[in-house]
Number of protein chains: 2
Amino acid sequence: MKVLVVEDDLALSDVVSFTLRRAGYEVATAHDGLAAVEAFEQSPSDLILLDLNLPRLDGLGVCRKVRSVSDVPIIILSVRAGDEAVVRGLEMGADDYMVKPFSPAQLVARIRAVMRRVGVSAAPTLLSVAGLSLDRSRGEAQRDDESAPVRLTGLEQKLLEAMMLHPGQVIPTDALINTVWGPEGGDRTMLKQLVYRLRSKIEVDASKPIYIETVPGIGYAFNPPNV
Amino acid sequence: MKVLVVEDDLALSDVVSFTLRRAGYEVATAHDGLAAVEAFEQSPSDLILLDLNLPRLDGLGVCRKVRSVSDVPIIILSVRAGDEAVVRGLEMGADDYMVKPFSPAQLVARIRAVMRRVGVSAAPTLLSVAGLSLDRSRGEAQRDDESAPVRLTGLEQKLLEAMMLHPGQVIPTDALINTVWGPEGGDRTMLKQLVYRLRSKIEVDASKPIYIETVPGIGYAFNPPNV
DNA sequence: TCTGGCTGTTACCGACTTGTTACCGACCCA
DNA sequence: TGGGTCGGTAACAAGTCGGTAACAGCCAGA
């Protein structure tokens with residue numbers, strides 16, 4: 001789920017973005033009203049967190065413009081605490097209104113409440129690199145030349161995902177171990193075995209791998225054909 | 001539109017009721033938690049304004065009970081201003097949380113905002129996806145090739161509904177548990193059992209399910225034929 | 001008061017996942 | 001040359017997962 005944070009105070013924009021990323025959301029930012037409208041048009045988010053005092057087009061203007069084309073949930077975050085401002089914002093189409101300063105925990109809870117009511121679907125989950133696709137929501141991988149996907153286990157999916165997110169790059173053994181098993185969670189033997197298992201599932205011929213390249217003494221790379 | 005005002009302070013109950021009637025809403029009142037649940041069961045309102053400090057069953061208890069049977073919007077009105085209380089209330093299923101004392105104008109604006117969102121995201125009473133219909137008001141499901149509907153229990157309906165609202169989409173186990181039982185309310189064993197029971201009711205052959213697909217380690221999807 | 005339905009809990013089963021161990025060949029270094 | 005390390009391959013055992021079924025307690029309705 002993607003959140004657009006519209007805030008001209010850069011420090012606050014960073015804090016809010018950090019809070020949201022830690023809560024598991026994807027974040028885009030805009031620092032003035034027109035940039036916000038443009039960002040939403042180019043890549044609609046699932047939720048907008050909207051300051052009112054913005055350069056170039058104020059928050060209510062953004063709200064009006066966005067509302068004319070979308071019913072995306074909007075939460076206003078503003079220093080304006082007066083009744084009139086709150087009522088005005090809600091009437092302009094906001095779903096909620098929080099007065100600064102606000103607590104991160106409450107922000108996240110209110111986001112969740114709004115999204116619960118909306119029933120928004122999950123973020124995009126398909127990774128596709130040079131003929132190999134990973135559908136993260138289903139835990140399946142599929143080569144273009146195969147008619148049916150192959151099911152991956154939880155750990156296999158984590159490993160493949162970690163590599164596909166950085167195609168062509170060698171990822172050190174320790175980094176992969178950390179990504180898959182977390183801190184203090186795995187070792188080289190386990191990674192070696194997992195690589196073997198993953199190759200058995202996705203490679204045309206696991207003894208002559210083309211997708212997962214071994215870099216001896218260093219790590220592995222997702223090295224699709226033609227890259 | 002009918003609002004149920006649940007407030008043990010009679011004077012405040014009267015003030016809020018007056019405000020709402022003047023804003024054009026029909027109002028019912030209850031002054032303790034059990035009376036509220038009963039009133040809602042006997043004559044469901046379109047919105048509940050809910051105090052937390054209530055005799056006989058506190059506001060969170062009311063919220064939990066109501067949420068177990070209904071998606072009705074709930075706005076909590078409470079003197080409890082702390083983060084924990086707000087977060088707790090929102091996580092329990094409330095759509096909004098206002099701290100007393102609050103302004104009547106803001107209350108009405110927030111009611112409108114919540115109802116506006118409900119109006120947008122409300123799903124029809126009859127859900128029909130690829131030959132399977134769910135009549136939510138009757139709690140019945142029916143395949144096109146069956147002459148009579150089958151009656152679903154409350155939990156079965158919730159589960160089927162949650163999936164049919166997002167056909168083709170894998171819904172993680174935890175999300176289904178949360179939807180059906182609410183926060184802290186269920187576990188994997190209960191979901192597994194519920195899936196089994198629901199399949200026994202709607203599938204042609206529950207051992208070879210075609211509507212409810214299992215995605216091992218992840219969740220389930222409503223995966224009707226041809227999708 | 002009794003009964004049937006609902007729901008949570010427990011039990012069992014087979015399939016699958018994952019950590020661990022074992023073995024092999026290739027490679028490097030003293 | 002021998003020992004050690006590394007990466008690939010395979011097997012085994014313990015634990016988890018999902019399906020199936022039964023039981024018990026609770027509650028609403030007759």
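Computed from a predicted model, the values in this text were never measured in an experiment.
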Figure out the [atom1]/[atom2] separation between [X] and [N], and round it to whole Å.
X      : N      : atom1 : atom2 : answer
A/I218 : D/dT5  : CD1   : C1'   : 15 Å
B/Q42  : D/dA28 : CD    : P     : 13 Å
A/L159 : C/dT18 : CG    : C1'   : 14 Å
A/L155 : C/dT20 : CG    : C1'   : 14 Å
A/I212 : D/dG7  : CD1   : P     : 15 Å
B/E140 : C/dG5  : CD    : P     : 15 Å
A/Q157 : C/dC16 : CD    : C1'   : 16 Å
A/I177 : D/dC6  : CD1   : P     : 12 Å

Working to the nearest 0.5 angstrom, can you tell me the gap between [X] [atom1] and [Y] [atom2]?
X      : Y      : atom1 : atom2 : result
B/S17  : B/Y25  : OG    : OH    : 13.5 Å
B/R136 : B/L160 : CZ    : CG    : 10.5 Å
A/I210 : A/R143 : CD1   : CZ    : 7.0 Å
B/D144 : B/Q142 : CG    : CD    : 7.5 Å

| task | Inspect the contact between B/R116 and B/D95 and indicate whether a charged nitrogen and a carboxylate oxygen are less than 4.0 angstrom apart. | result | no
| message | I need the residues from residues 145-154 of chain B with at least one non-hydrogen atom less than 4.0 Å from DNA chain C; give them sorted by number, or say none. | response |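 Result for residues 145-154 of chain B: B/T153, B/G154, sorted by number.
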| field | Of residues 186-205 of chain A, the positions that come close to DNA chain C - non-hydrogen atoms, cut-off under 4.0 Å | value | A/T189, A/M190, A/Q193, A/R197
Please tell me if [X] has a side-chain N or O lying less than 4.0 Å from either OP1 or OP2 of [N].
X      : N      : result
B/S207 : D/dG19 : no
B/Y220 : D/dG19 : yes
A/W181 : C/dG19 : yes

| Are the side chain of B/R67 and the backbone of B/G93 linked by a donor-acceptor contact shorter than 3.5 Å? | yes
| request: Verify, without hydrogens or angle tests, whether A/Q106 (side chain) and A/S103 (backbone) share a donor-acceptor contact under 3.5 angstrom. | output: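 No; judged by distance alone, with no hydrogens or angles, the pair does not exist.
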| query | With side chains defined as the heavy atoms from C-beta onward, is the minimum distance between B/L107 and B/L49 less than 4.5 Å? | reply | yes
| Would you say A/E146 has more than 12 foreign heavy atoms packed within less than 6.0 Å of its CD? |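 Yes, CD of A/E146 has more than 12 neighbouring heavy atoms, counting only those of other groups under 6.0 Å.
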